[in-house]
Peer 1: 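Take a look at the following structure, please.
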Amino acid sequence: MSFQQGLSGLNGAAKSLDVIGNNIANASTVGFKGSQAQFADMYANSLNGAGGNQAGIGVKVSQIAQQFTQGNIESSNNPLDIAINGAGFFRTDVNGDVQYSRNGQFSLDKNGFVINAQGAKLTGYGVSDTGNILTGSAVPLKIDNKDMDPLETSRVDLKLNLDSRSPLPTKVPFSATDPETYNKQTSIDVFDSLGNSHVMSTYYVKTGPGAWDVYVGSDGVEMTNQAVAAAAQTDTAATTARTAFQTASTAVPPGDLVAAAAAYATAAGAAVAAAAGTAGATAAQQTAITTAAASAGGTPGITPGEIDKLIAAAVKVPAVRAGHLNFDTNGILNAAAMAPQTLPLQIELPVFPLTGAKPTIEFDLHFAGTTQYGDATEEKKSSQDGYTAGNLQRFSAGPDGTILGQYSNGESRPLGQVVLANFANPNGLQPLGNNAWAQTPTSGNPLIGTPNSGSFGNLQASAVESSNVDLTAELVNMITAQRVYQANAQTIKTQDSVLQTLVNLR
């Protein structure tokens, strides 16, 4: 026996206690991965090559291996707290250096970058101006909180069943203001180029077995009548007169507003009456428009906007159908019977009164899935692709790492996508502290990918991964390591006693 075995045993037990103590100290550290001290025995080399009877010279620490097992997922109140459920590491950028972590406690810095407590920036895929994920090289993720621009409606989808048993309307011709002239009305909001909302109504008039006419209205007014009322918006003379009224109202002192209003009413009435004539109005109907305009122009204090409303109320022109729907004997839309018309219908919905937007909303009106069965007339589904402007309200990460922003207009848009990294040998990563690791030749090169794909785990927002340290097991291991330390100390004491006996020999 020598002191070598006992000393190495003391060192090994002390190292084991260091590892256990570090595990216990980090039992509450988010994303921490516990370690285990692993040992190997030691033998001295024999000069003659025969070492079968060697007793060994003690123990050494072969490695301190981290245990990359899954920690428990715990919920939090921070929407930027993200837990990885499965394999993978967050990829972060620290002044150009790449680090990896399992700690998903993130926040935003003053520039909108997603960072952890140490200022490391979370990396992932950015987005284009239209919200499309830009896959390629991972870059620091930045949450852009700019407002969402409005989008003009370009498509409307309607799906309904028209009752085949419905009788023909009792009154003709069609009028949007008389429910007895149509069988069914539906409404949906559409948006102009500035994001202003308008009510687009569709009216269905049965004209025979399996045949229906479709009329369209804008803000409660049949489309043709609305287009006639809006004629003053694009008429050169009316536009000039409106500008003159604005100039007179802002002059110091103000100009003759009564005369300016009368001039505008005359020009607007003439433009609307001419448009009404083109749309099929009778001479009496045109006279009613010019009379209403003259009456409005003589009202003290009236404005061009109020004049427009009074003129519009006098417009009565024949409605023009937007299209027609024909069904076969199975209640399905019959394209051959609708020829030469084809679906979808191309609609140019007038915008009136003035909003500063484009004068019409142009969109395709689809009727996919519309039927004519012997069942009550009912709207099954309606949707459109436009929206008004909106500001960012909240955001959160999905299982696939997509950070989805929700806006005040009810729309959602991706703001970025978190990427994960994985290694062939995670135990080869170099611990850097602050819950971070660095790549080494032993770990191999990182495999970069999106969460919830391939071998990568999925993400859970508003949650964190707790430490994987089993505190009960560590306390038991600590007792064991303590006993090992005491036993090795005892071997040294025994060796000392043997040497003392030899020294005392006479």
Side-chain angles (χ1 to χ4, degrees), residues 30-35 65-76 78-94 96-106 113-116 120-128 130-143 395-405 412-432 434-468:
V30 171
F32 177 78
K33 299 303 177 186
S35 299
Q66 289 198 287
Q67 309 300 302
F68 287 96
T69 56
Q70 178 71 45
N72 293 329
I73 304 297
E74 299 178 355
S75 61
S76 75
N78 179 12
L80 274 180
D81 281 349
I82 306 173
I84 302 175
N85 189 5
F89 295 82
F90 295 112
R91 184 182 183 276
T92 61
D93 180 284
V94 183
D97 294 332
V98 177
Q99 298 179 358
Y100 304 92
S101 177
R102 291 282 296 194
N103 187 342
Q105 294 175 302
F106 298 108
F113 287 101
V114 182
I115 62 171
N116 62 17
K121 297 176 181 177
L122 180 65
T123 64
Y125 299 138
V127 295
S128 66
T130 57
N132 295 318
I133 300 294
L134 300 175
T135 58
S137 299
V139 297
L141 287 175
K142 184 177 182 180
I143 302 299
F395 52 85
S396 61
D400 65 347
T402 301
I403 300 176
L404 195 65
S412 298
R413 175 179 291 179
L415 303 176
Q417 186 176 23
V418 179
V419 298
L420 295 181
N422 208 358
F423 297 86
N425 177 25
N427 287 313
L429 293 171
Q430 177 186 354
L432 300 176
N434 292 322
N435 300 312
W437 291 271
Q439 173 189 346
T440 68
T442 306
S443 68
N445 293 323
L447 172 65
I448 306 298
T450 55
N452 207 23
S453 67
S455 61
F456 294 103
N458 57 50
L459 301 187
Q460 185 172 333
S462 298
V464 294
E465 180 190 7
S466 62
S467 169
N468 67 347

Peer 1: With rounding to the nearest 0.5 Å, note down the distance linking CD1 in Ile82 to CG in Leu122.
Peer 2: 6.0 Å
Peer 1: Nearest 0.5 angstrom please: Gln417 CD to Leu404 CG, how far?
Peer 2: 11.5 Å
Peer 1: Quick one: closest heavy-atom pair of Pro399 and Pro451, and the distance?
Peer 2: O-CB, 3.4 Å
Peer 1: Report yes if the side chains of Asp81 and Phe106 come closer than 4.5 Å at any heavy-atom pair, otherwise no.
Peer 2: no
Peer 1: With side-chain contact (heavy atoms from CB on, under 4.5 Å) as the test, would you mind laying out the steps for Phe90 and Leu420 before giving the verdict?
Peer 2: CA-CA 5 Å; Phe90 295 112; Leu420 295 181; 4.1 Å; yes
Peer 1: Counting distance only, does the side-chain N/O of Asn468 pair as donor-acceptor with the main-chain N or O of Gly34 below 3.5 Å?
Peer 2: yes
Peer 1: Is a side-chain donor or acceptor of Asn85 paired with a backbone partner of Ile73 at a separation under 3.5 angstrom?
Peer 2: no
Peer 1: About how many Å separate OG1 of Thr123 and CG of Leu141, when rounded to the nearest 0.5 Å?
Peer 2: 6.5 Å
Peer 1: For a 4.5 angstrom cut-off between non-hydrogen side-chain atoms, does Ile403 reach Val418?
Peer 2: yes
Peer 1: Measure the CD-CD distance between Gln460 and Glu74 for me, rounded to the nearest 0.5 Å.
Peer 2: 11.0 Å
Peer 1: Which heavy atom of Gly405 sits nearest a heavy atom of Phe395, and at what distance?
Peer 2: CA-CB, 3.9 Å
Peer 1: Donor-acceptor pairs under 3.5 angstrom involving side-chain atoms of residues 437-450: please list them, not counting sequence neighbours.
Peer 2:
| residue | atom | partner | partner atom | Å |
| --- | --- | --- | --- | --- |
| Trp437 | NE1 | Gln66 | OE1 | 2.5 |
| Gln439 | NE2 | Asn445 | OD1 | 3.0 |
| Thr440 | OG1 | Gly428 | O | 2.5 |
| Thr440 | OG1 | Thr442 | N | 3.3 |
| Thr440 | OG1 | Ser443 | N | 3.2 |
| Ser443 | OG | Thr440 | N | 3.1 |
| Ser443 | OG | Thr440 | O | 2.8 |
| Thr450 | OG1 | Ser453 | OG | 3.1 |

Peer 1: What's the shortest heavy-atom distance between Ala138 and Val419, and which atoms?
Peer 2: CB-CG2, 3.9 Å
Peer 1: List the atom of Leu459, the atom of Ile84, and the distance in Å for their closest heavy-atom pair.
Peer 2: CD2-CG1, 3.8 Å
Peer 1: State the CG-OG distance between Leu429 and Ser101, to the nearest 0.5 angstrom.
Peer 2: 11.0 Å
Peer 1: Test side chain to side chain donor-acceptor pair (under 3.5 Å) on Asp400 and Thr402 and set out the steps.
Peer 2: CA-CA 6 Å; Asp400 65 347; Thr402 301; 3.2 Å; yes
Peer 1: Give a yes or no on whether the backbone of Ala65 and the side-chain of Gln67 come within a donor-acceptor separation of less than 3.5 Å.
Peer 2: yes
Peer 1: Please report the closest heavy-atom contact between Tyr125 and Ser137, naming both atoms and the distance.
Peer 2: CD2-O, 4.1 Å
Peer 1: Name all residues meeting the ring-ring contact (aromatic ring centres under 6.0 Å, His included) criterion together with Phe456; count only those two or more places apart in sequence or in a different chain, and write none if there are none.
Peer 2: none
Peer 1: I'd like to know if the side chain of Lys33 and the backbone of Thr69 have a donor-acceptor N/O pair within less than 3.5 Å.
Peer 2: yes
Peer 1: For Pro79, does its backbone N or O pair with a side-chain atom of Ser396 as donor and acceptor, under 3.5 Å?
Peer 2: no
Peer 1: With a 3.5 Å distance limit and no angle check, can you tell me whether Asn452 reaches the backbone of Gly401 through a side-chain donor-acceptor pair?
Peer 2: no
Peer 1: Could you give the distance from CG (Asn103) to CD (Glu465), rounded to the nearest 0.5 Å?
Peer 2: 9.0 Å
Peer 1: For a quick test of reading the model, state the closest non-hydrogen atom pair linking Ala463 to Ser76 and the distance between them.
Peer 2: N-OG, 3.7 Å
Peer 1: For the backbone of Ala83 and the side chain of Arg102, can you confirm whether one donor and one acceptor N or O come within less than 3.5 Å of each other?
Peer 2: no
